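Since the structure comes first, as structure tokens, the remarks are kept for the end.
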Amino acid sequence: MIDKITEEKMLSLAKGAIKNSYAPYSGFRVSAVVLTPSGKYYTGVNVENVSYGLTMCAERVAVYKAVSEGEKKISAVLIYAEGRDLPYPCGACRQVIAEFGYDSDIIVANSEGKIEKFKLSELLPKAFLSFDKR
Ligand code: THU
């Protein structure tokens with residue numbers, strides 16, 4: 001599990017990023033921070049669409065930002081939401097995170113100060129993994 005200082009740093013980045021959440025349809029504002037083994041952070045927010053189905057989750061935006069900058073491995077993902085619900089990652093996001101970090105730490109937190117921590121492998125047991133990662 002990541003240390004307290006790293007967790008605080010990720011939480012603070014998520015709190016800063018959430019202003020850009022685009023969630024006019026659900027009203028559920030989410031941000032996410034990906035940490036890579038080299039110590040770099042990548043943020044993301046949910047981006048909704050009037051078609052609903054094209055909505056993209058905050059954590060997938062953060063993962064894709066990291067990968068598009070050349071990252072191949074993820075150490076931790078923090079997902080943050082405004083309100084009292086915790087933003088547990090959806091199934092699609094779990095599968096996308098698994099591609100780059102089946103061992104990664106997943107932290108979910110909200111603006112009321114609730115926080116829970118998991119391993120991605122607990123949230124997605126018996127995953128279908130890329131052939132070189134089995
Ligand atoms: N959402 C995320 O961005 N991440 C999560 O972990 C849970 C769900 C977004 C997608 C959509 O914009 C809104 O939350 C409501 O489902």
Side-chain angles (χ1 to χ4, degrees):
M1 271 293 168
I2 58 166
D3 59 66
K4 197 73 198 163
I5 292 167
T6 308
E7 184 186 306
E8 288 299 327
K9 169 78 182 165
M10 291 178 83
L11 194 56
S12 137
L13 287 169
K15 285 178 179 173
I18 205 163
K19 65 177 186 307
N20 294 327
S21 161
Y22 179 74
Y25 306 107
S26 73
F28 191 53
R29 297 168 61 77
V30 186
S31 62
V33 181
V34 161
L35 169 68
T36 64
S38 63
K40 286 198 190 148
Y41 298 99
Y42 297 87
T43 60
V45 295
N46 56 334
V47 182
E48 298 189 344
N49 188 274
V50 64
S51 72
Y52 288 41
L54 287 175
T55 288
M56 183 54 63
C57 297
E59 56 272 48
R60 251 183 295 164
V61 171
V63 170
Y64 291 154
K65 276 172 73 177
V67 174
S68 67
E69 292 298 318
E71 304 289 355
K72 295 281 180 290
K73 183 92 187 83
I74 286 170
S75 308
V77 183
L78 182 142
I79 311 157
Y80 176 79
E82 286 178 353
R84 67 185 172 85
D85 291 323
L86 281 173
Y88 297 111
C90 75
C93 288
R94 293 176 197 205
Q95 183 70 36
V96 167
I97 296 166
E99 184 78 17
F100 305 102
Y102 191 51
D103 191 42
S104 51
D105 296 315
I106 305 293
I107 302 116
V108 291
N110 70 12
S111 56
E112 294 188 346
K114 267 212 284 185
I115 187 158
E116 292 181 12
K117 293 165 211 178
F118 307 92
K119 280 288 188 185
L120 195 264
S121 51
E122 286 180 69
L123 298 179
L124 191 69
K126 297 194 184 293
F128 181 58
L129 294 175
S130 134
F131 298 98
D132 57 335
K133 295 184 182 88
R134 291 178 197 180

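Since this is a predicted model, take the numbers as computed values, not measurements. Along the sequence shown, the residues carry numbers beginning at 1. Order of listing sets the numbers, starting from 1, for every ligand and every atom in it.
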Salt bridge K40-E69, side-chain N to carboxylate O under 4.0 Å: no
Nearest protein heavy atom with distance in Å, relative to atom 9 (C) of ligand 1: N46 ND2, 3.7 Å
Contact atoms of ligand 1, heavy-atom distance to E48 under 4.0 Å: 11 (C), 12 (O), 13 (C)
Within 6.0 angstrom of K119 NZ, more than 12 heavy atoms from elsewhere: yes
Side-chain heavy-atom pair I106, E59 within 4.5 angstrom cut-off: no
Atoms of ligand 1 close to P87 [distance to a heavy atom under 4.0 angstrom, numbered from 1]: 6 (O)
Sub-4.0 Å atoms of ligand 1 with respect to non-hydrogen atoms of P89: 6 (O)
Minimum side-chain heavy-atom gap K73-T36 below 4.5 Å: no
Which residue and heavy atom of the protein sit nearest atom 3 (O) of ligand 1, plus the separation: A58 N, 2.9 Å
Short side-chain donor-acceptor distance under 3.5 Å, Y42 and E71: yes
Nitrogen or oxygen of C57 less than 3.5 angstrom from that of ligand 1: no
Nearest protein heavy atom with distance in Å, relative to atom 16 (O) of ligand 1: F28 CD2, 4.7 Å
Test salt bridge (charged side-chain N to carboxylate O under 4.0 Å, His left out) applied to R84 and E112, step by step: CA-CA 6 Å; R84 67 185 172 85; E112 294 188 346; 6.0 Å; no
Donor-acceptor pair, side chain of D105 and main chain of I2, under 3.5 angstrom: yes
Nearest-contact summary for atom 7 (C) of ligand 1 - protein heavy atom, Å: Y88 O, 3.9 Å
Contact check, A23 vs ligand 1, heavy-atom distance below 4.0 Å: no
Ligand-residue contact atoms, ligand 1 with S26, heavy atoms, under 4.0 Å: 13 (C), 15 (C)
Contact check, Y25 vs ligand 1, heavy-atom distance below 4.0 Å: no
Side-chain heavy atoms of N46 within contact of M56, under 4.5 Å: no
Where ligand 1 meets E59 - atom numbers and elements under 4.0 angstrom, heavy-atom basis: 2 (C), 3 (O), 4 (N), 5 (C), 6 (O)
